[in-house]
Amino acid sequence: MLPQLGELIGSIGSEVTPMQVVGRSQIAGGYVVVNASEQLNISSDAVVDSLHVGEGDLVEAGDVLLRRGRWGQKVVAPVAGRVHAVQNGRLLLQRPFIWHELRALLRGTIVNQLPQRGVVIETTGAFVQGRWGTPQEGFGRLRLLTETAEGTLAAEGWKSELARHVVVAGRVLETAVLHQAAETNIAGLIVGSMPAALVPFAQTLPFPLILTDGFGQPAMSEIIFNLLKKLENREATILGKVDEEKGGRPEVIVAATTPGHQTLRPPAPLAVGQTVRLLRQPYSQQVGQVVKLFEQAQALETGIYAPGAAVKLANGQVVFVPDANLDVIQISG
Amino acid sequence: MSEIDEQNGRLRSFLIANVGSSNTHVALIDVAGRSYRLIAQASAPTTASAPWSNVMLGVRAAIKQVEVITGRPLLTDREVLIRPAKENGSGVDLFAAVTSAASPLKVWLVGLSDEISLASGRRTLRQSYTQEIGVLGLENGRSESDHLNDFINHAPDFVFVVGGTDGSHNEHLLHQLEQVAMGAGILTGSKRVRVIYAGNRELRERVRRLVGQNASLQIAENIHPTLGHEMLTDATQVIGELYNDLKVYGLSGIQELLEWCHEPPRPTANALLTMLRYFATLYKGHVFGIDLGSQHTTLLSATPDTARLRIDSQLGLGRPVTALLQKTSLENIGRWLPEPMATADIENFVYNKSVSPHTLPQTRQELWLEQAIAREMLRCAAEETLSEWGWEHGIPSLRLLLVRGGIFTNQARPNELVRMLLDVLPLRGIFALAIDEHGVLPGLGMLAHNEPLAVVQTLEAGVLNDVGWVIVPSGAAQPGETILDLVVQPAETARFEAEIVAGNLEILPLAAGQQAELVLKPRGGIDVGFGPGRGKKVTVFGGSLGLIVDARKRPLSLPTDDNERTKLLAAWQREMGVVFD
């Protein structure tokens, strides 16, 4: 979606590549208010009578905007721009526009256009929802930098060939590592976890960062790590911008090599046989399979009663988990 | 409208949905025997946001649970609500809803002085689900350009303009509005800015001329018509209507819910205030309410003559929980934990709660963490509210303390809930404590106007968890000194006496529902709500916990040493009848 109304490039049915521009809009570079009435202590009408410029005129910094009489007091433009409006004794200067280009970030087909706003691109691939992310977007080939889902990303070994890649690791624990990643000019970072104390620094990074499993030091869920490992070197797109009002989550899409036809559906109601991720202690980040659904609320160790399911963990243990603490994982193909 | 179904002469049945930001509660109210009762209630995660993006999924999931509990079909095979109730017992006659699920309205506040007009403006805004994202007053010290660019970047849902008493000649407000007009003019292409004007009446026409062209202007009564006189009702109502228009009706899937409703949904906080007013009138006393939600924290107060509420839309135990760290420290949260924990772990927990707001604690440690966070949230909300309401000496004597919210209703042991409240709230005197454990009070508030019989009978049938009466003595005393003598004469059991010692927290036995005559004899200058040293004989009722006496010195002071503090916390828990595993 474009941040402001603009023009779309391409048409429905067009094939697009990740770096292809599919739309662009002009973003105002900001406004500067020149309160001429206050500066010269004259009425709004007197401002209009003294104007040397009109709405729509382009001005350079230092140009005279208005002058009282031939040799009288004057007001000059503090910046270059366009005179947007003259209103209530003020001149509103609009700084030069900046072009914003909207890139596809995905390899796929334009299947719909929202006039002047954006496009809908259909693609095929793996889809991973993160728990938290910085509000940016990125695209690059996937590179794993840790051997295992528990692996910690180190500050050393950041080779220049990692530039423009989406890096995957079990977890990151230090600001210095993020600093190094930024220096290397990576396109994005996907990790299982990160201490919450790193949030302020993470929000200043020039690339998108996604946590798949949360804050602290948990490893990346095996199921996600193994999936990303299998897809190493494929093109990955990180969509970190989420609509907070609608409660969205940051997303990763990894392109498939062959087109598929399975449509991504909203999560189905909990059912026996589904693979689920457990979100709270003492089973946090474990993956299991639903073996029974309870119609009535059950008691937890905390004494709270909640509806939920019996889940078989990887070690064979069957535990009761409230519905609210389960994330359904859709596996297909 | 009355409870009687005019066609068949029988009493109507009701299904009420309370769509919160994290959970959706559904309650079935119908006649059982000779009066209305809460027949069943159930809850399910709210599904207004992604990945579901349809509020009806959560509503239906909760209704289906009610079907399971009651065996009464409420939905057709196509999952449409069966209305009216059928002869075979399926369906309900009326459906009503309250909601706090929508995001708050983003507001740009415009006014004059910080202390008067902007303060009143904020008090008005806090009676609705709003979030102040910018302010323009006399003392903001920013350039017009900076203000304008911020205004455009934030694109507020509405601009709330206040300032000036009626007939005053202060025209500074027009100067501020000229800036609003500029911003609204620039945004016109992408968004029609709404402006609610609740300032000096005499300026209305000029305001209309200034901003009417570029913005949708609504006029409300001046919130400060004369000096010292504040009148917030009309502006609050206009903002409430805007919240429904822009936010509630914008929820995904809400149209189907609206088709089921017999009248438009009301904001949860306002419906809850209706119930507080009911209790205040019934008991002829002060009722104080707390709703600690996932997205908002609401504090309410009602007497037979007054009613007010304060919503903090940036303070909640769900997604906005990280905002608490701007108001308090990790150490302050950690001091309430019965076992010391590293501040980094507390911080990680707070952030994880924010990204999974609807999840439930499954271990004791995580429950304690959630309780510790709730304590600090409650403390901060109470401090700000009391300051705003001018209650310098704490919460004025009250007859009933009413609490609701997942953190309270999820307490397996009410004694833990009571301690949470007593630890952080500036309470005093003697009062009853009740929990809206089924989450139905706002729903009843929604019905109260048109269906009073159903509401009164449902309440009488016992829809609240009456925890018990609480006595909080105040006044100077040495630790260990006896400060209060109690004589308790229960209606059905033997009379007993108790000496209350300063510093102690105690629960005296009084069975649920049992009436007792209680004689309070404070010693020295101790006040139990009737003035220093003054005693009284009062009628009280037992609750799920008994009769609670909190004689700890207030405000509580916790030792900084980990060992001493955890010992003290453990002692308080023991006194409240909770033993750590």
Side-chain angles (χ1 to χ4, degrees), chain A residues 4-5 28 30-35 78 84-85 87-90 92-94 129-132 193 195-197 199 211 214-217 242-249 266-267 269 279-284 295-297 299-308 320-325 327, chain B residues 22-23 42-45 48-54 57 61 65 68-69 102-103 143-145 147-149 152-153 174-175 178-179 181-183 185-186 189-190 210 247 252 319 322 344-345 347-352 354-367 410-413:
Chain A
Q4 271 178 224
L5 296 183
Y31 292 84
V32 173
V33 181
V34 181
N35 195 334
H84 179 81
Q87 206 176 327
N88 301 311
R90 297 171 177 84
L92 193 53
L93 302 184
Q94 186 176 26
Q129 279 190 320
R131 300 282 296 280
W132 180 85
S193 68
V199 167
L211 309 185
F215 294 94
Q217 298 188 14
V242 295
D243 185 339
E244 286 195 7
E245 287 195 10
K246 292 183 177 160
R249 287 187 184 184
L279 301 176
R280 294 287 294 252
Q281 294 291 2
Y283 314 113
S284 189
E295 283 190 339
Q296 300 280 4
L300 306 177
E301 180 198 322
T302 47
I304 295 169
Y305 279 79
F320 174 77
V321 184
D323 291 346
N325 294 1
D327 242 1
Chain B
S22 266
N23 289 300
S43 55
S49 53
W52 306 280
S53 300
N54 184 348
L57 297 176
Q65 284 187 52
V68 170
I69 295 166
S103 59
S143 73
E144 287 191 16
S145 302
H147 174 262
L148 179 71
N149 287 311
I152 296 162
N153 291 336
L174 294 173
H175 176 80
E178 286 169 357
Q179 296 182 55
M182 272 194 298
I186 291 168
S190 56
L210 254 178
K247 297 293 178 174
S252 308
R319 200 169 284 276
T322 51
D345 292 339
E347 189 176 23
N348 289 331
F349 183 86
V350 171
Y351 274 81
N352 279 325
S354 169
V355 293
S356 300
H358 57 279
T359 57
L360 295 170
Q362 281 183 257
T363 64
R364 295 287 301 164
Q365 284 73 16
E366 292 208 342
L367 181 68
N410 282 339
Q411 297 302 317
R413 301 172 184 85

Which bit of [X] is near chain B, if near means a heavy-atom gap under 4.5 Å: side chain, backbone, both or neither?
{"X": "Y283(A)", "value": "side chain"}
{"X": "A197(A)", "value": "both"}
{"X": "N35(A)", "value": "side chain"}

Using modelled atom types and a 3.5 Å cut-off, is there a donor and acceptor pairing between side-chain atoms of N325(A) and backbone atoms of T359(B)?
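No, N325(A) side chain to T359(B) backbone: no donor-acceptor pair under 3.5 Å.
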So which of L279(A), I304(A), V321(A) actually passes side chain to side chain contact (heavy atoms under 4.5 Å, CB included) with Q362(B)?
V321(A)
What part of [X] is in contact with chain A, defined as an atom under 4.5 angstrom from a non-hydrogen atom: side chain, backbone, both or neither?
{"X": "L210(B)", "result": "side chain"}
{"X": "N352(B)", "result": "both"}
{"X": "L148(B)", "result": "side chain"}
{"X": "H175(B)", "result": "both"}

Note: vs chain A, highest number of non-hydrogen pairs under 4.5 angstrom among D345(B), N23(B), I186(B) is I186(B)
Top contributor to chain A interface from S356(B), P45(B), P361(B), A61(B) [non-hydrogen pairs under 4.5 Å]:
P361(B)
Shortest non-hydrogen contact from S145(B) to Y31(A)?
CB-O, 3.9 Å
Looking at every non-hydrogen atom in both residues, tell me the closest pair between N348(B) and A196(A) and how far apart they are.
OD1-N, 2.7 Å
A quick test of your reading: do over 12 heavy atoms of other residues, nucleotides or ligands sit less than 6.0 Å from OH of Y305(A)?
no
Please identify, among [options], the residue contributing the most non-hydrogen atom pairs under 4.5 Å to chain B.
{"options": "V33(A), V32(A), D323(A)", "answer": "V33(A)"}
{"options": "N88(A), L300(A), V199(A), D327(A)", "answer": "N88(A)"}
{"options": "A297(A), S284(A), G216(A)", "answer": "G216(A)"}

Does any part of the side chain of E178(B), heavy atoms only, come nearer than 4.5 Å to the side chain of R90(A), both counted from C-beta?
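Side chain of R90(A) against side chain of E178(B), heavy atoms only: contact under 4.5 Å found.
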Distance in Å, Y351(B) OH paired with R131(A) CZ, rounded so as to fall on 0.5 Å steps:
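Answer for the OH-CZ pair, Y351(B) versus R131(A), is 15.0 Å.
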Residues forming a side-chain contact (heavy atoms from CB on, under 4.5 Å) with A181(B), sequence neighbours excluded
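A181(B): side-chain contact (heavy atoms from CB on, under 4.5 Å) contacts with Q87(A), V211(B).
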Check step by step if side chain to side chain contact (heavy atoms under 4.5 Å, CB included) holds for L211(A) and V355(B).
CA-CA 11 Å; L211(A) 309 185; V355(B) 293; over 6 Å; no
